[in-house]
Amino acid sequence: MFLQLRAEVEDALESALTRLDLPTDDLGIEEPPADVDAVLASSVAFRLAGEVGAPPPEVAAQVADEIDAAAFPYVSTVATQGPYVNFLPSDAYFADTLDAATDGDYGRLPARHERVVVEHTSANPTGPVHVGRARNPIIGDAVARVLDYAGYDVDRHYYVNDAGRQIAVFTWAYEAFDESDLPEPERDAPEYEMVRYYRKGNQFLEEADPERVESAESEIQAILQGLEDGDEETYERVAEVVDTVLDGMCDTLERLPAEFDEFVKETRFMRDGSTDDLVGRLKELDCAVYEDDAWQLDLPDFEKHLVFLRSDGTSLYTTRDLAHHEWKFENYDRAVTVLGEDHKLQADQLSAALDLLGNDTDQLSQVFYSWVNLPEGGMSTREGTGIDLDDLLDEAIDRAREEVESRLDDRTRNDLDEDDVERIAHQVGIGAVRYDIVSKQPTKGITFEWDRALDFEAQSAPYVQYVHARCCGILSEARNRASDSRAVEPRDDDVEDGVPTAPDADVLQEPEERDLLRVLARFPAVVETAADDLQPHSVATYTRDLAETFNAFYRECPVLDADPETRAARLALVAGTRHTVANALDVLGVAAPDSM
RNA sequence: GGGCACGUAGCUCAGUCCGGAUAGAGCGUCGGACUUCUAAUCCGACGGUCGUGGGUUCGAAUCCCAUCGUGCCCGCCA
């Protein structure tokens, strides 16, 4: 509704200014502060005061006079407040909001028939997923979800770096060392078992005798060369390591949840010849130079050259990534990549090179986030420093379970069985971890601290999830009472699952009811903006706003014991809130518990 | 040295891209509210030179310049 109202306000202002013979390039539309009744306002009078030769409040009055509110279904009144022109919503605005929100798909925007690929995580398959990396799947998955809600046709890709030196080291180490030389794995999972070879191999290369290191290096080099030459046996050796570790990592990522439609391997673009083809085209570019026996690009606006072919004739990660991106452009209308801030320069160079190759780089958007560090520094798979994501999630679930159980004791509730407790512990524990990360601007630095990451108070997931549980509680109670009364009186045809299908929004006149409807009305616009800006965290901000507004309604407006007409309308409002909270949390990838 | 990000209440953050109505939350502190549709809730109080200094503007947390602090990057690694 908000989107339509905004369109009406634009229309109203534009035509009014045109009739007054004033410029319409900046309508000054904004959302007024909370204590103003209007849903939208315009500050255009400030700008036009000079031109008109009158003080802003007078200009505002002229503009307001020129608008006929009756011509716009969702505008009831156009009023000035000092220099501002305020647009107040009509009854139809509230009625249609109530109606729209009771749809389970509320917040999903019409299909755009545009294919988007969201690439995220893409962590090297070298070991367990640690918390330092966890921001990528959480933000990436939320970006994919918000685009999905906004009507895009979304695919999620994990780009698998299976051709780099680290993977060659890993493959060598896996084949060279015996399990009896390794420490016990930290968990009974493939990536925890495998990472021991990786760490052992790296340690060996740093500490062993020079001759032994040299012989290891030649084996590693042979693996790299085998991949470059398209040797089938080498691919298989590497794939065994990569696939095993990746499977384990994905089990962890699924817990968030973060799932992928496709795992795109880097070697794919070596095997299908597209990297060779790309190298040929790069050499033809005007800025291509051959220096120090290597082919490089002298990119404008970049200080350093970008090497795309080594002196030994092998390709680099960036070269393959160029082929990878051209492949994305062929198959999708848009490509979004979620990357750590340390990849910023590389991403800019990639973009510049793609542009020179004749691609439309407007199709490519990159979302950057800063690393999660420990108070004592960064996390590293190779060195084994860091908090495993599995441990964080387990701890979160344990703490959530304690919370649920202590509440059970306090309230002597008997409506939850063991399965319920376990389900709630998972939803709340994982939701809290995820919400904590997705609700912040990705560019802000985060230092990991257990107590802060697992704080269930504060502005966290449980606060919002609780609103969903409350809504479900009211609705299920309404159903119970409806089924009790059905024995004596016939079921009302206008009632579905205890919720009236055609409620009368006009009876919702309490300020708390109106405020809630206003917030509900904004949800589709929030989704649209979050998708346009690739900023899912703004949806998290919205969920807090919605939860707070619902809690005020909950305090002031009894639902089940109200008179029948009010009860019906309020039930619809609760149902609408439930869908909105559930969908907003779904955009963030956070579960919405039916009870807590 | 160069580039990019970040700096808002004691702490953690919205708001900044696209300038507008007394800068909003939560935590913590202090004080209140459960015979009521779930108190993981709500209400109140205290708390801010929006890093600093200039500039643009009728108007700046928001735009520009400078400066300080922190992080990241500047490899024939990925």
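Proteins get letters first, then strands, A, B, ... in listed order; numbering begins at 1 in each. When reading the values below, keep in mind they use all heavy atoms of this one structure, side chains included, and skip hydrogens, waters and symmetry mates.
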Using a cut-off of less than 4.0 Å, is there contact between a side-chain N or O of [X] and OP1 or OP2 of [N]?
X: Tyr159(A); N: A78(B); answer: no
X: Gln441(A); N: G15(B); answer: yes
X: Arg470(A); N: A39(B); answer: yes
X: His343(A); N: C74(B); answer: no
X: Arg407(A); N: A40(B); answer: yes
X: Lys444(A); N: G7(B); answer: yes

(message) Can you confirm if the NZ or CZ of Arg470(A) lies within 45° of the ring axis of Tyr554(A) and under 6.0 Å from the centre of its six-membered ring?
(response)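 Arg470(A) over Tyr554(A) ring: yes.
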Identify whether any heavy atom of [X] sits under 4.0 Å from a base atom; if not, whether one sits that close to sugar-phosphate; answer base, sugar-phosphate or nothing.
X: Gln296(A); value: nothing
X: Asp545(A); value: nothing
X: Ala41(A); value: base

(request) Can you check whether any acceptor in the base of A5(B) is under 3.5 Å from a donor in the side chain of Glu341(A), or vice versa? (result)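 Check fails, no donor-acceptor contact within cut-off.
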(request) Return the nearest nucleotide to the side chain of Asn551(A); candidates are C37(B), G26(B), C42(B). (result)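 Taking heavy atoms from C-beta onward, the closest nucleotide is C42(B).
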